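Single-structure report; data block below.
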Amino acid sequence: MLSPLINEHCQLGENPLWNVEDQCVYWEDIDGGKVHRFNPATREHKVIYEGITVGGFTFQANGDLLLFRVYDLALLLPNGTVDVLRTFTDKGMTRFNDVIADPEGRVFAGTIGKTSDSGGLFRVDRDGAITLLFRGTGCSNGMGFSPDLKIFYWTCSTRRRIYAFDYDRVTGALANERILYQANDSEGIPDGMTVDRDGHIWSTRWDGYAVIHHAPDGKVLEKFPVPVAKASSACFGGKDLDRLFITTAGGVSGSNTAEGTLYELIVPARGNLEFKSRIRSR
């Protein structure tokens, strides 16, 4: 069952993450320059950050938020202070986009390219060093790990594909790139994603009005309709990690439309808690 939770009319709602410590879901409005927090139990909502565009974020192990902004990586501290960790520019990028922490505290960070193939994927190591893994996309998007931590999934929205790589937990290296799923034009563009405990992939569809449930081999198992076109990303959350929180885009402040709503979808699956980053921290 799909239910609307809160409509902040997000222009580009993205990057939902569940925080088990406070039982809240966090997400961002990229174009609106905000990071939101919502407690499904109490219905309390708060904008915890407003400023420079945030393309993606992770939870740090110490409770800070690590913000991947246009030209820097910055910490959002519990008191609301922003502390810039390091600046970063790449000639091919417009800004950061989806990011994900790995089990060792590194972060894989995708970018939006200035051209259809100048965006790519970077790895941020715990000391803050940033390594280019590859270019070749205009829009790097959702990522995830198989439950056994042997496979890394990456979405190329430009080519409408979900890729799989062999993942080395010790080094953070990716190898053996292969296409897991190629979307057709009629189903919308693969965007954000998350992986459940059984290794199934839940992929949102930009301009597709849906979340698609994929088997570990990429096969489409089920389509869950969303009432707005731009379903942008999803994460598992809730007490039993048995519901999807789905962000959407296309909202206009002051309007009475559903675009930009945060939705909750109860599904026959359970997720895993997302890993926490440890960039420049113990």
Side-chain angles (χ1 to χ4, degrees), residues 15 17-21 55-68 72-75 85-88 90 92-93 96-111 119-137 140-156 161-181 190 192-203 214-218 233-236 241 270-282:
N15 203 124
L17 282 179
W18 178 255
N19 188 341
V20 68
E21 277 78 19
F57 67 89
T58 61
F59 294 125
Q60 290 268 91
N62 67 356
D64 298 339
L65 268 67
L66 178 61
L67 309 179
F68 285 74
D72 65 28
L73 280 64
L75 295 174
L85 278 183
R86 61 158 296 170
T87 59
F88 178 76
D90 176 70
M93 71 181 277
F96 284 108
N97 203 38
D98 271 12
V99 303
I100 190 171
D102 83 350
E104 300 303 314
R106 312 177 191 94
V107 178
F108 290 91
T111 62
L121 186 68
F122 294 81
R123 187 186 67 239
V124 184
D125 291 320
R126 289 180 54 172
D127 63 0
I130 299 179
T131 301
L132 173 66
L133 300 179
F134 56 82
R135 286 196 180 92
T137 182
S140 172
N141 238 311
M143 294 170 272
F145 296 90
S146 62
D148 63 7
L149 301 178
K150 293 182 178 180
I151 301 173
F152 174 81
Y153 302 105
W154 171 72
T155 303
C156 175
R161 292 173 179 172
I162 300 173
Y163 287 85
F165 298 81
D166 295 340
Y167 165 68
D168 186 326
R169 179 174 177 175
V170 175
T171 65
L174 305 180
N176 190 24
E177 174 188 307
R178 62 266 192 197
I179 299 171
L180 187 77
Y181 183 75
M193 63 168 286
T194 189
V195 182
D196 69 24
R197 293 186 186 182
D198 295 320
H200 290 209
I201 295 167
W202 300 75
S203 170
H214 295 268
D217 63 1
S233 193
C235 74
F236 279 97
L241 299 176
R270 295 181 69 185
N272 299 290
L273 289 176
E274 296 290 339
F275 299 114
K276 295 186 177 182
S277 52
R278 293 180 173 82
I279 306 303
R280 290 187 180 173
S281 70
R282 295 181 183 273

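Fair warning: this is a prediction, and the values are worked out from it, not measured in the lab. Residues take their numbers from the sequence shown, with the count starting at 1.
In this structure, Asn62 CG and Leu75 CG are separated by 7.5 Å, a value rounded to the nearest 0.5 Å. With values rounded to the nearest 0.5 angstrom, Phe122 atom CZ is found 5.5 Å from Thr111 atom OG1. Rounding to the nearest 0.5 Å places OG1 of Thr58 at 13.0 Å from CZ of Phe275. Rounding to the nearest 0.5 Å places CD of Glu274 at 5.0 Å from CD1 of Ile100. Distance check: Asp168 CG to Leu149 CG gives 11.5 Å after rounding to the nearest 0.5 Å. With values rounded to the nearest 0.5 angstrom, Asp102 atom CG is found 9.5 Å from Arg278 atom CZ.
In this structure, Asp72 and Phe96 approach most closely via the heavy-atom pair O-CE1, 4.3 Å. Summarising the geometry of His200 relative to Pro216, their closest heavy-atom pair is CD2-CD, 3.4 Å, with the distance given to 0.1 Å. Between Pro147 and Asp196, the closest heavy-atom pair is CG-O, 3.7 Å. The shortest heavy-atom contact between Met143 and Val99 is CE-CA, 3.7 Å. Listed here is the closest heavy atom pair of Tyr181 and Gly218: CD1-O, 3.4 Å. In this structure, Asp98 and Ser233 approach most closely via the heavy-atom pair OD2-OG, 4.5 Å.
Residues His214 and Met193 form no side-chain contact, since every pair of their non-hydrogen atoms from C-beta on lies 4.5 Å or further apart. Between Leu180 and Ile201, some side-chain heavy-atom pair lies under the 4.5 Å cut-off. Using a 4.5 Å heavy-atom cutoff, the side chains of Val107 and Phe68 are in contact. With a 4.5 Å cut-off on side-chain heavy atoms, Leu132 and Asp90 do not count as touching.
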Review point. Would Glu177 and Trp154 satisfy side-chain contact (heavy atoms from CB on, under 4.5 Å), going step by step from the backbone distance to the final call?
Key: CA-CA 10 Å; Glu177 174 188 307; Trp154 171 72; 6.0 Å; no

Review point. Can you check side-chain contact (heavy atoms from CB on, under 4.5 Å) on Leu273 and Trp18, steps first, answer last?
Key: CA-CA 8 Å; Leu273 289 176; Trp18 178 255; 4.2 Å; yes

Exercise for review: Run the numbers on Phe134 and Phe165 for ring-ring contact (aromatic ring centres under 6.0 Å, His included), then give the verdict.
Suggested key: CA-CA 12 Å; Phe134 56 82; Phe165 298 81; 5.7 Å; yes

**Study point:** Step-by-step side-chain contact (heavy atoms from CB on, under 4.5 Å) determination, Ser203 to Thr155
**Key:** CA-CA 9 Å; Ser203 170; Thr155 303; 5.5 Å; no

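Between Trp202 and Phe236, the two ring planes are perpendicular [angle over 60°; tilted spans 30° to 60°]. Taking the six-membered ring where the residue is Trp, Tyr167 and Phe152 present tilted rings, their angle falling between 30° and 60°.
Counting only distance, with no hydrogens or angles, the side chain of Asn15 and the backbone of Phe57 share a donor-acceptor pair below 3.5 Å. With hydrogens and angles ignored, the 3.5 Å screen pairs no side-chain donor or acceptor of Glu104 with any backbone N or O of Val170. Asn97 places a side-chain N or O within 3.5 Å of a backbone atom of Ser140 that can act as its donor or acceptor partner. Under the 3.5 Å distance criterion, the side-chain polar atoms of Arg126 are left unmatched by any main-chain donor or acceptor of Arg280. With Ser277 contributing its side chain and Phe59 its backbone, the two residues share a donor-acceptor pair below 3.5 Å. With hydrogens and angles ignored, the 3.5 Å screen pairs a side-chain donor or acceptor of Ser146 with a backbone N or O of Ile151.
When the side-chain hydrogen bond (donor to acceptor under 3.5 Å, both in side chains) test is applied to Arg161, the partners found at least two apart in sequence or on another chain are Tyr163, Gln182. Annotation: side-chain contact (heavy atoms from CB on, under 4.5 Å) contacts of Arg123 (sequence neighbours excluded): Arg106, Phe108, Asp125, Thr131, Leu133. Residues passing the side-chain hydrogen bond (donor to acceptor under 3.5 Å, both in side chains) test with Thr194: none are found, sequence neighbours excluded.
In this structure, Arg178 pairs ionically with Asp166, as a charged nitrogen and a carboxylate oxygen lie closer than 4.0 Å.
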